[in-house]
Amino acid sequence: MLPLAALTAYFMAQYGVAVDALMIQNVFETDAAEVTQLVSLKMIGYLLVLGVLPVLLLWRAPLRQA
């Protein structure tokens with residue numbers, strides 16, 4: 001979920017769009033040519049900092065028994 005939230009934050013900040021159910025549907029209906037036009041270094045940065053890094057930190061966090 002965190003990488004998806006990172007990509008959503010990128011598109012909201014970069015393009016000023018609200019991501020709703022229709023936008024998610026459009027993601028699954030796009031082709032590879034469209035995707036390659038949208039990928040940028042800024043998008044990869046968002047994904048790494050807001051998506052991958054938090055996942056790694058949560059993965060490394062110790063779990064406590066309740």
Side-chain angles (χ1 to χ4, degrees):
M1 290 299 279
L2 289 172
L4 179 60
L7 291 173
T8 301
Y10 168 77
F11 280 103
M12 291 174 73
Q14 187 69 24
Y15 300 109
V17 297
V19 178
D20 59 1
L22 184 59
M23 289 291 265
I24 300 297
Q25 180 181 350
N26 290 338
V27 167
F28 290 107
E29 294 175 354
T30 191
D31 60 359
E34 258 185 304
V35 171
T36 56
Q37 292 175 358
L38 293 173
V39 175
S40 67
L41 288 176
K42 189 172 183 179
M43 180 176 153
I44 293 170
Y46 264 79
L47 183 60
L48 291 174
V49 173
L50 298 177
V52 175
L53 182 60
V55 168
L56 292 175
L57 292 174
L58 286 172
W59 182 49
R60 300 272 302 157
L63 296 178
R64 281 190 314 163
Q65 296 290 345

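Note that this is a predicted model, so its numbers are computed, not measured. All residue numbers in this chain count up from 1 along the given sequence.
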Between Phe28 and Val39, is there a shared hydrophobic cluster once you connect ILVMFWY residues whose side-chain heavy atoms come closer than 4.5 Å?
-> yes
How close do Val19 and Met12 get, heavy atom to heavy atom, and via which atoms?
-> CG2-CG, 4.0 Å
For Ser40 and Tyr46, what are the C-alpha separation, side-chain angles and deciding distance, and is it a side chain to side chain contact (heavy atoms under 4.5 Å, CB included)?
-> CA-CA 10 Å; Ser40 67; Tyr46 264 79; over 6 Å; no
When rounded to the nearest 0.5 angstrom, what is the spacing between CG in Leu58 and CG in Leu2?
-> 6.5 Å
Output the distance between atom CG (Asp20) and atom CD (Gln25), rounded to the nearest 0.5 Å.
-> 10.0 Å
Of all heavy-atom pairs linking Pro54 and Val49, the shortest is CD-O, 3.3 Å
State the CG-NZ distance between Leu47 and Lys42, to the nearest 0.5 angstrom.
-> 14.5 Å
Value rounded to 0.5 Å, distance of CG in Leu50 from CG in Leu4 | 12.5 Å
Interatomic distance, Leu22 atom CG to Glu29 atom CD [nearest 0.5 angstrom] | 8.5 Å
For Gly51 and Ala6, the nearest pair of non-hydrogen atoms, with its separation, is N-CB, 3.6 Å
Any donor-acceptor pair under 3.5 Å linking the side chain of Thr36 with the backbone of Ala33?
-> yes
In terms of hydrophobic clusters joined by side-chain contacts under 4.5 Å, are Met23 and Tyr15 together?
-> yes
Does Met43 belong to the same Ile/Leu/Val/Met/Phe/Trp/Tyr cluster as Leu48, with side-chain heavy atoms less than 4.5 Å apart forming each link?
-> yes
Thr30 and Val35, any side-chain heavy atoms less than 4.5 Å apart = yes
If every non-hydrogen atom of Leu38 is compared with every non-hydrogen atom of Tyr10, which pair is closest and at what distance?
-> O-OH, 4.2 Å
